Amino acid sequence: IEDAIKAIQSLDPGEKFSYRKIVATYGVDRTTLSRRHKRVQAPNEAKNINQQKLTPQQEQELVRYIKGLTKRHTPPTREMIQNFASTIAKEPGIQSSWVNYFIRRYPDSLISRWTTRLDSNYYNADLGARYRLYFKLLYKK
């Protein structure tokens, strides 16, 4: 398509041309070529960039921030990433589906995993101290 558009643009101003002849020469879709030439339809790459909520630089910063949180053993949840993105974009309507696409765009940097529950031994080990403190506060009167 790019070559076909260059061929059209290389023609002299006012020179007549036929999309059908150019389509036959370059083997592209006529509708797409005419829309692209008239700038009605942008290439997919440009369209995707315009539809992104964050700029590539902002996304890289968010990836670095998430990596830092993960290094400190506090990996963010999807809701947290959604809130971070909303804050950066200054737009409250970031959807959860955006988070899915964001994670897919950075598969080498961000790895999504299910977390395991807190081991019951750790939880139960602290129960005795909690009960003592509760009853101490309760009967302190």
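Model, not experiment: these values are computed from the prediction.
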Peer 1: To check you understand the geometry: which heavy-atom pair defines the closest contact between Ala85 and Trp98, and what is its length?
Peer 2: CB-CZ3, 3.4 Å
Peer 1: Take Ile22 and Arg30 through the side-chain contact (heavy atoms from CB on, under 4.5 Å) test and state the conclusion after the steps.
Peer 2: CA-CA 9 Å; Ile22 293 176; Arg30 187 188 63 78; over 6 Å; no
Peer 1: CD of Gln60 to OG of Ser109: how many Å apart, nearest 0.5 Å?
Peer 2: 7.0 Å
Peer 1: Which value, rounded to the nearest 0.5 Å, describes the distance between Lys136 atom NZ and Arg132 atom CZ?
Peer 2: 8.5 Å
Peer 1: Exactly one of Gln58, Glu59, Glu61 should register a side chain to side chain contact (heavy atoms under 4.5 Å, CB included) with Ile88. Which one does?
Peer 2: Gln58
Peer 1: Which heavy atom in Ser86 sits nearest to a heavy atom in Pro92, and how many Å separate them?
Peer 2: OG-O, 3.9 Å
Peer 1: Show the numbers, then the answer: is there a side-chain contact (heavy atoms from CB on, under 4.5 Å) between Ile66 and Tyr106?
Peer 2: CA-CA 12 Å; Ile66 291 169; Tyr106 298 97; over 6 Å; no
Peer 1: Is the count of non-hydrogen atoms from other residues, nucleotides or ligands lying under 6.0 Å from Gln95 atom CD greater than 12?
Peer 2: no
Peer 1: Closest heavy-atom contact between Val23 and Asp29?
Peer 2: CG2-C, 4.3 Å
Peer 1: Assess whether side-chain contact (heavy atoms from CB on, under 4.5 Å) is satisfied between Ile1 and Thr32, documenting all intermediate values.
Peer 2: CA-CA 8 Å; Ile1 288 184; Thr32 305; 3.5 Å; yes
Peer 1: As an exercise, state the distance from CG of Leu33 to CZ of Arg20, rounded to the nearest 0.5 Å.
Peer 2: 13.0 Å
Peer 1: For Lys53, does its backbone N or O pair with a side-chain atom of Glu91 as donor and acceptor, under 3.5 Å?
Peer 2: no
Peer 1: Rounded at 0.5 Å granularity, tell me how far OG in Ser34 sits from CD1 in Ile5.
Peer 2: 10.0 Å
Peer 1: With no hydrogens and no angle check, is any side-chain donor or acceptor of Glu15 less than 3.5 Å from a backbone partner on Asp12?
Peer 2: yes
Peer 1: Would you say Tyr101 ends up clustered with Val63 if hydrophobic residues are merged whenever their side chains have heavy atoms under 4.5 Å apart, either directly or through other cluster members?
Peer 2: no
Peer 1: What's the separation between atom NZ in Lys90 and atom CG in Leu54, rounded to the nearest 0.5 Å?
Peer 2: 11.5 Å
Peer 1: Taking atom CD1 of Ile8 and atom NZ of Lys38, what is their separation to the nearest 0.5 Å?
Peer 2: 10.0 Å
Peer 1: Within the distance-only criterion (no hydrogens, no angle test), does the side chain of Thr74 pair as donor or acceptor with the backbone N or O of Leu69 below 3.5 angstrom?
Peer 2: yes
Peer 1: Before giving the answer on side-chain contact (heavy atoms from CB on, under 4.5 Å), spell out for Phe102 and Leu110 the whole-Å C-alpha distance, their side-chain angles and the decisive distance to 0.1 Å.
Peer 2: CA-CA 9 Å; Phe102 173 72; Leu110 304 175; 3.5 Å; yes
